[in-house]
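Start at 1 with the first residue, then count along the sequence. All of these numbers come straight from a predicted model, not from anything done at the bench.
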Amino acid sequence: MRTTAPTAQPAGPRTATRTYRIAVIPGDGTGPEVIREGTKVLAAAASRAGFRVEWRPYDLGGARYLKTNDTLPDSVLKELREVDAIYLGAIGHPDVKPGILEHGILLKLRFALDQYINLRPVKLYPGVWTPLKDKGPEHIDFVVVRENTEGLYVGAGGFSKRGTPDEVALQTSINTRRGVERCVRFAFDYTRKRAKRKKLTFCGKTNVLTYAHDLWERVFYEVAKEYTDVQTDYTHVDACCMWMVKNPEWFDVIVTDNMFGDIITDLGAMIQGGMGIAAGGNLNPQGVSMFEPIGGSAPKYTGQNAINPLAAICAGSMMLEQLGETKAAAAIEQAVMQVTGTKLKSLAAGQMGYSTSEVGDLVVKALNEKSI
Ligand code: IPM
Ligand code: MN
């Protein structure tokens with residue numbers, strides 16, 4: 001349980017005693033480089049806003065696995081239950097078989113800490129190139145609320161007669177009334193608080209997933225009755241991909257299941273300018289949440305001071321928002337927008353016109369000019 005400011009409440013009186021214990025997992029590849037810039041920006045925000053951060057570093061990741069053969073020991077998990085938030089760089093190592101670190105660290109943390117929401121803003125910042133023709137920041141600004149602990153990610157299934165011509169493989173999507181309802185409720189609350197267009201779209205596949213998404217649909221419209229100020233909408237997931245490209249301005253908040261959320265948020269990341277800027281939060285509104293840039297470990301760029309740290313910096317801003325440091329969170333986002341709008345040539349690694357650490361410095365400089 002957290003012991004400091006709860007979610008989404010205004011920051012309390014500005015005393016120097018507000019201290020947040022943040023577990024930092026830089027992880028693999030370019031993770032450490034982008035997290036270094038993120039912590040630099042967060043430290044600057046802390047000193048401006050008058051709170052303190054107690055960093056607790058953890059070496060989880062591929063290098064540790066190759067040395068010790070463990071991914072996330074119980075003793076570490078126990079310590080992570082006691083922090084105020086987790087700041088994660090990237091997980092994924094070229095010498096480790098795909099799946100081991102994803103399951104052993106990232107998914108294990110999401111499930112063990114019951115981070116049942118994956119919140120992924122899709123926002124085109126000023127000066128950022130989008131592959132969508134004739135679309136600008138005024139068209140691309142929505143948030144995907146992805147269910148994060150159920151569906152196809154539960155790992156329910158099995159093989160029969162594996163490796164034979166009669167093989168059968170099952171992978172079952174688990175959708176519980178409780179799990180769907182808490183996600184849908186979060187999405188309605190979030191849409192209301194965001195107060196942009198107050199429109200929540202359920203993205204599903206009700207014409208094919210006639211059990212799983214029947215439950216989702218019933219829950220969605222039942223909960224909607226309690227939120228008469230929020231407009232509801234529905235789109236099939238395939239059409240959702242189409243509209244995200246053709247008319248992204250139609251969306252305000254989208255709520256969807258784990259697998260569909262995984263897929264549409266990669267599309268979302270591309271229309272907001274790519275993995276260099278896309279951030280996400282794995283939220284347990286009653287517990288410990290974890291924030292991460294959603295791009296991978298980018299082994300190709302590791303150690304070159306060339307990768308874009310803005311996604312990690314934006315994840316840091318989301319973390320402050322969750323901790324209740326809303327002004328500092330907004331100031332970081334404003335600073336990032338200033339840097340994309342006036343400085344960077346591109347968001348792509350090696351093409352920014354600045355190094356990774358210089359981009360971090362630019363954000364700190366812009367932040368120091370903002371009032372917090
Ligand atoms: C993501 C990633 C993960 C997921 C992988 C690495 C397991 O793609 O955070 O979107 O599928 O959730
Ligand atoms: Mn993904």
Side-chain angles (χ1 to χ4, degrees), residues 1-2 6-8 23 25 27 60 71-72 74 76-78 80-88 91 99-121 143-158 170-191 200 202-205 209 211-220 222-223 237 253-266 268 279-294 315 318-319 322:
M1 268 302 167
R2 299 208 325 244
T7 312
I25 308 174
L60 304 177
T71 46
L72 174 59
D74 287 345
V76 173
L77 183 58
K78 192 162 167 270
L80 292 176
R81 290 184 192 280
E82 304 300 322
V83 299
D84 295 306
I86 301 171
Y87 193 36
L88 174 73
I91 297 292
I100 293 179
L101 301 171
E102 292 88 331
H103 276 277
I105 301 175
L106 187 63
L107 297 180
K108 187 166 170 192
L109 280 170
R110 287 178 183 169
F111 279 81
L113 300 175
D114 202 21
Q115 292 164 341
Y116 62 89
I117 299 296
N118 196 324
L119 194 67
R120 296 192 166 178
V143 177
V144 178
V145 174
R146 163 185 172 189
E147 201 291 321
N148 210 31
T149 54
E150 296 199 341
L152 285 165
Y153 278 71
V154 170
L170 292 179
Q171 190 102 35
T172 305
S173 176
I174 305 285
N175 298 260
T176 68
R177 166 81 207 197
R178 213 182 290 278
V180 173
E181 186 171 335
R182 66 182 180 173
C183 175
V184 165
R185 276 192 186 281
F186 177 93
F188 273 103
D189 275 336
Y190 185 85
T191 309
L200 178 61
F202 164 42
C203 162
K205 189 78 182 173
L209 304 182
Y211 306 113
H213 285 185
D214 184 81
L215 171 61
W216 272 84
E217 190 179 36
R218 277 182 284 119
V219 170
F220 182 72
E222 255 174 66
V223 174
V237 63
V253 181
I254 296 176
V255 63
T256 191
D257 76 8
N258 207 342
M259 189 79 255
F260 290 174
D262 178 48
I263 297 165
I264 68 170
T265 53
D266 264 26
N282 301 274
L283 311 184
N284 177 342
Q286 291 81 35
V288 181
S289 300
M290 174 166 74
F291 299 84
E292 49 170 344
I294 75 175
M318 292 179 74
M319 180 164 74
Q322 178 76 6

Task: Derivation and outcome, side-chain contact (heavy atoms from CB on, under 4.5 Å), residues I100 and T71 - done: CA-CA 8 Å; I100 293 179; T71 46; 4.2 Å; yes

TODO: State which residues pass side-chain hydrogen bond (donor to acceptor under 3.5 Å, both in side chains) with D257; sequence neighbours excluded, sorted by chain then number.
DONE: H213

- [ ] State which residue, out of I117, V145, L113, fulfils the side chain to side chain contact (heavy atoms under 4.5 Å, CB included) condition with L283.
- [x] I117

Task: With sequence neighbours excluded, residues passing salt bridge (Lys or Arg N to Asp or Glu O under 4.0 Å) with D266 - done: none

Open item on the list: Test: salt bridge (charged side-chain N to carboxylate O under 4.0 Å, His left out). Region: residues 109-119. Which pairs qualify, not counting sequence neighbours?
Closed with: R110-E292, D114-R182

Task: N148: partners by side-chain hydrogen bond (donor to acceptor under 3.5 Å, both in side chains), with sequence neighbours left out - done: N118, N282

Open item on the list: List the residues meeting side chain to side chain contact (heavy atoms under 4.5 Å, CB included) with T265, not counting sequence neighbours, and say none if there are none.
Closed with: R120, V144

Open item on the list: Distance check, rounded to the nearest 0.5 Å: L80 atom CG versus M290 atom CE?
Closed with: 9.0 Å

TODO: Could you tell me which residues satisfy salt bridge (Lys or Arg N to Asp or Glu O under 4.0 Å) with E217, sequence neighbours excluded, listed by chain and number?
DONE: none

Open item on the list: What verdict does the side-chain contact (heavy atoms from CB on, under 4.5 Å) test give for L101 and L106, after you've listed the backbone C-alpha separation in whole Å, the side-chain angles of each residue and the deciding distance to 0.1 Å?
Closed with: CA-CA 7 Å; L101 301 171; L106 187 63; over 6 Å; no

Task: Taking every non-hydrogen atom, the tightest pair across L88 and P293 - done: O-CD, 3.1 Å

Task: Spacing of CH2 belonging to W216 relative to SG belonging to C203, to within rounding of 0.5 Å - done: 9.5 Å

Task: Heavy-atom pair with the smallest gap, counting every atom of N258 and E150 - done: ND2-O, 3.2 Å

Open item on the list: Run the side chain to side chain contact (heavy atoms under 4.5 Å, CB included) test against R178 and tell me which residues pass, sequence neighbours left out.
Closed with: T176

Task: Which residues share a salt bridge (Lys or Arg N to Asp or Glu O under 4.0 Å) with R185, sequence neighbours left out - done: E181, E226

Task: Partners meeting side chain to side chain contact (heavy atoms under 4.5 Å, CB included) with Q171 (sequence neighbours left out) - done: L152

Open item on the list: Tell me every residue that passes side chain to side chain contact (heavy atoms under 4.5 Å, CB included) with I263, counting only those two or more places apart in sequence or in another chain.
Closed with: M259

Open item on the list: For a quick test of reading the model, state the closest non-hydrogen atom pair linking G104 to L72 and the distance between them.
Closed with: O-CB, 3.4 Å

Open item on the list: I'd like to check the ring-ring contact (aromatic ring centres under 6.0 Å, His included) partners of Y116; sequence neighbours left out, ordered by chain and number.
Closed with: none

TODO: Determine the minimum heavy-atom distance between A315 and A279, stating which atoms define it.
DONE: N-CB, 3.5 Å

Task: Over all atoms of both residues, closest heavy-atom pair of N284 and S289 - done: N-OG, 3.0 Å

Task: Any donor-acceptor pair under 3.5 Å from E222 side chain to V219 backbone - done: no

Task: L119 side, atom CG; M318 side, atom CE - distance, nearest 0.5 Å - done: 4.5 Å

Open item on the list: What verdict does the salt bridge (charged side-chain N to carboxylate O under 4.0 Å, His left out) test give for K78 and D74, after you've listed the backbone C-alpha separation in whole Å, the side-chain angles of each residue and the deciding distance to 0.1 Å?
Closed with: CA-CA 6 Å; K78 192 162 167 270; D74 287 345; over 6 Å; no

Task: Main-chain N/O of T149 paired to E147 side chain as donor or acceptor, under 3.5 Å - done: yes

- [ ] For the residue pair I264 and I254, establish whether any side-chain heavy-atom pair is separated by less than 4.5 Å.
- [x] yes

Open item on the list: Holding to ring-ring contact (aromatic ring centres under 6.0 Å, His included), I want the full list of residues that pass it with F188, two or more places apart in sequence or in another chain.
Closed with: F220, Y227

- [ ] Of all the heavy-atom pairs spanning I86 and V83, show the shortest one and how long it is.
- [x] CG1-CG2, 4.0 Å

TODO: Could you check if a side-chain atom of N175 sits within less than 4.5 angstrom of a side-chain atom of L209, using non-hydrogen atoms only?
DONE: no

